[in-house]
Amino acid sequence: MTRPLGTFLINFERDTDRDWNLYGLSPLRQALHSNRWKQPELEQAASEFLWEKYLSNDPLKMYVAFRIWNSYLLAREPRDRNAACDRFMDKMSRLTGVFQNETMSFDRETGKPKQFQAGSLYFKGAPSEDTRLDLWFPDNRRTEECVSAYASLYPLITYYLNRLNDWGLCFRRCKVCGKYFLAKSQRYELCSDKCRKAQALQNKREFDERSRENNYDLLYKNECQNWRNKINRVKNTAGFPADRLEKIQASFSDFKKEALQRKKAVKTGTASPKEFTDWLYQQSNVIVELTEI
C-alpha cells in the first residue's frame with residue numbers, strides 16, 4: 001500500500017493514555033501468569049483491542065498488533081513462563097513505548113524536520129537490535145527505496161526525518177482542515193484539492209460580503225454628504241430661521257447615530273443590507289422636507 005509522503009510520521013500512533021499497555025499488553029501479561037481457566041478471558045480482552053487496531057488498515061498499527069499477538073503465542077511455549085513473560089513485556093514495551101512520545105519533530109517556525117543523530121542518548125543506551133535498520137536502494141528490479149526495522153520503530157523515525165531534511169521538505173499545517181502535510185516551501189498553506197476548493201469558496205464568500213458591505217457603506221457616505229450639502233445651502237441662505245437650522249442639525253446627528261446602529265445590525269446579521277439601503281433612501285426625503293424654503 002503506497003501512501004502520500006509523510007503519512008508515516010503525520011499519522012503516527014499517539015498513545016498518551018497508554019492504551020496499548022493497558023488493553024493490549026497487560027491482559028496478556030496476566031494471562032502468562034494465570035491458570036488455563038482464566039487465560040481465555042484475558043486473551044479475549046487483549047485480542048479485541050489488537051484486532052481493532054489491526055482492522056484500522058494503518059500499516060503501523062497492523063504491524064505492532066501482529067507482533068504483540070505473535071510474541072505472546074511464542075511466550076506461551078517455554079516451561080519457565082515467568083522468564084518468558086519478562087522477555088515478552090520487555091520487548092513489546094520497547095516497541096509500543098514510542099507511541100507515547102512526539103515523533104513528528106520539526107522547527108515550528110520553518111517547518112524543517114529536525115535531524116536525529118545516531119550518537120544521541122537513545123542510541124547509545126539502546127540494545128543493538130533496537131537500533132537495527134535494513135535499507136534497500138533502488139535497482140533494476142526495485143524502483144523505490146525501502147527501509148525496515150523489527151525490534152524498535154525509532155530507527156525508522158530517525159531515518160525518515162533525516163531523509164525529509166535531505167530532500168528540503170517542510171511540515172505545514174493546512175489552514176482549512178488543520179492537518180499536517182509535507183511541502184516544498186513555507187508558502188504552501190493547503191494540503192489537497194478538496195481544501196483548495198473549500199478555500200476558494202470561502203474567499204468568494206468573503207469577497208461577496210465585502211462587496212455588499214462596500215455598497216451599503218458607500219450609500220451611507222453619499223447620504224451623509226447629501227445632508228451636509230443641503231445644510232450648507234440653508235446656512236448660506238439669507239434669512240433662514242435659526243431655530244429651523246438648529247432642528248436640521250439635530251436631525252442630522254440623530255440620522256448618523258441611527259445609521260451606525262443599523263450598519264452594526266447588518267454586520268451582525270440581525271438586519272439585511274436591503275433593509276438598511278431602503279432606510280437610507282427614506283432619509284433623503286426627510287432632509288428635503290426639512291430644508292424646503
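Counting from 1, the numbers follow the sequence of the chain as shown. Small disclaimer: the values here were computed from a predicted structure and weren't measured. All values below were derived from every heavy atom in this structure, side-chain atoms included, with hydrogens, water molecules and symmetry-related copies excluded.
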Could you check whether the rings of F255 and W227 sit parallel, tilted or perpendicular, using 30° and 60° as the cut-offs?
parallel
Could you check if a side-chain atom of Q283 sits within less than 4.5 angstrom of a side-chain atom of Y220, using non-hydrogen atoms only?
no
Could you tell me whether the side chain of I231 reaches within less than 4.5 Å of the side chain of L245, counting heavy atoms only?
yes
Please verify the inter-ring angle class for F49 with W20; under 30° counts as parallel, over 60° as perpendicular, anything in between as tilted.
perpendicular
Under 4.5 Å between any side-chain heavy atoms of L133 and T158, yes or no?
no
Would you say L42 and S34 make side-chain contact, with heavy atoms under 4.5 Å?
yes
Is it true that atom NZ of K91 has more than 12 heavy atoms of other residues, nucleotides or ligands lying nearer than 6.0 Å?
no
Quick one: sort the F276 and W279 rings into parallel, tilted or perpendicular, breaks at 30° and 60°.
parallel
With the side chain counted from C-beta on, respond yes when R228 and F252 share a heavy-atom pair under 4.5 Å apart, and no when they do not.
yes
Should D193 and R196 be marked as a salt bridge (Lys or Arg N to Asp or Glu O under 4.0 Å) after you check the CA-CA gap, both sets of side-chain angles, and the distance that decides it?
CA-CA 5 Å; D193 287 338; R196 281 187 279 273; 2.8 Å; yes
Taking the basic N atoms (NZ, or NE/NH1/NH2) and the acidic carboxylate oxygens, is any pair closer than 4.0 Å for D243 and K247?
no
Could you check whether any side-chain heavy atom of Q249 comes within less than 4.5 Å of a side-chain heavy atom of K235, counting everything from C-beta outward?
yes
Going by heavy atoms in the side chains, are R81 and R76 under 4.5 Å from each other?
yes
A quick test of your reading: do over 12 heavy atoms of other residues, nucleotides or ligands sit less than 6.0 Å from CD of Q202?
yes
With hydrophobic residues grouped by side-chain heavy-atom distances under 4.5 Å, do V98 and F106 end up in a single group?
yes
Report, as yes or no, whether the 6.0 Å neighbourhood of atom NZ on K256 holds more than 12 heavy atoms from other residues, nucleotides or ligands.
yes
Distance-only, no hydrogens or angles: does the Q100 side chain make a donor-acceptor pair with backbone N or O of D15 under 3.5 Å?
no
Taking every heavy atom of G24 against every heavy atom of L50, the minimum-distance pair comes out as CA-CD2, 4.4 Å
Flag if over 12 foreign heavy atoms under 6.0 Å of CZ, R132
no
Let's go through E223 and S284 carefully: what are the C-alpha distance in whole Å and the side-chain angles of both, what is the deciding distance for side chain to side chain donor-acceptor pair (under 3.5 Å) to 0.1 Å, and is it a yes or a no?
CA-CA 7 Å; E223 188 57 33; S284 295; 2.6 Å; yes
Does W167 reach the side chain of L182, with side-chain heavy atoms less than 4.5 Å apart?
no
Run the numbers on Q225 and N229 for side chain to side chain donor-acceptor pair (under 3.5 Å), then give the verdict.
CA-CA 6 Å; Q225 190 59 45; N229 292 339; 3.0 Å; yes
Y63 atom OH, neighbour heavy-atom count above 12 within 6.0 Å:
yes
Apply the test side chain to side chain donor-acceptor pair (under 3.5 Å) to residues D278 and Q282: give CA-CA distance (whole Å), side-chain angles for both, the deciding distance (0.1 Å), then the verdict.
CA-CA 6 Å; D278 289 345; Q282 293 172 4; over 6 Å; no
Looking only at heavy atoms, the pair that brings C170 and P113 closest together is CA-CD, 4.3 Å
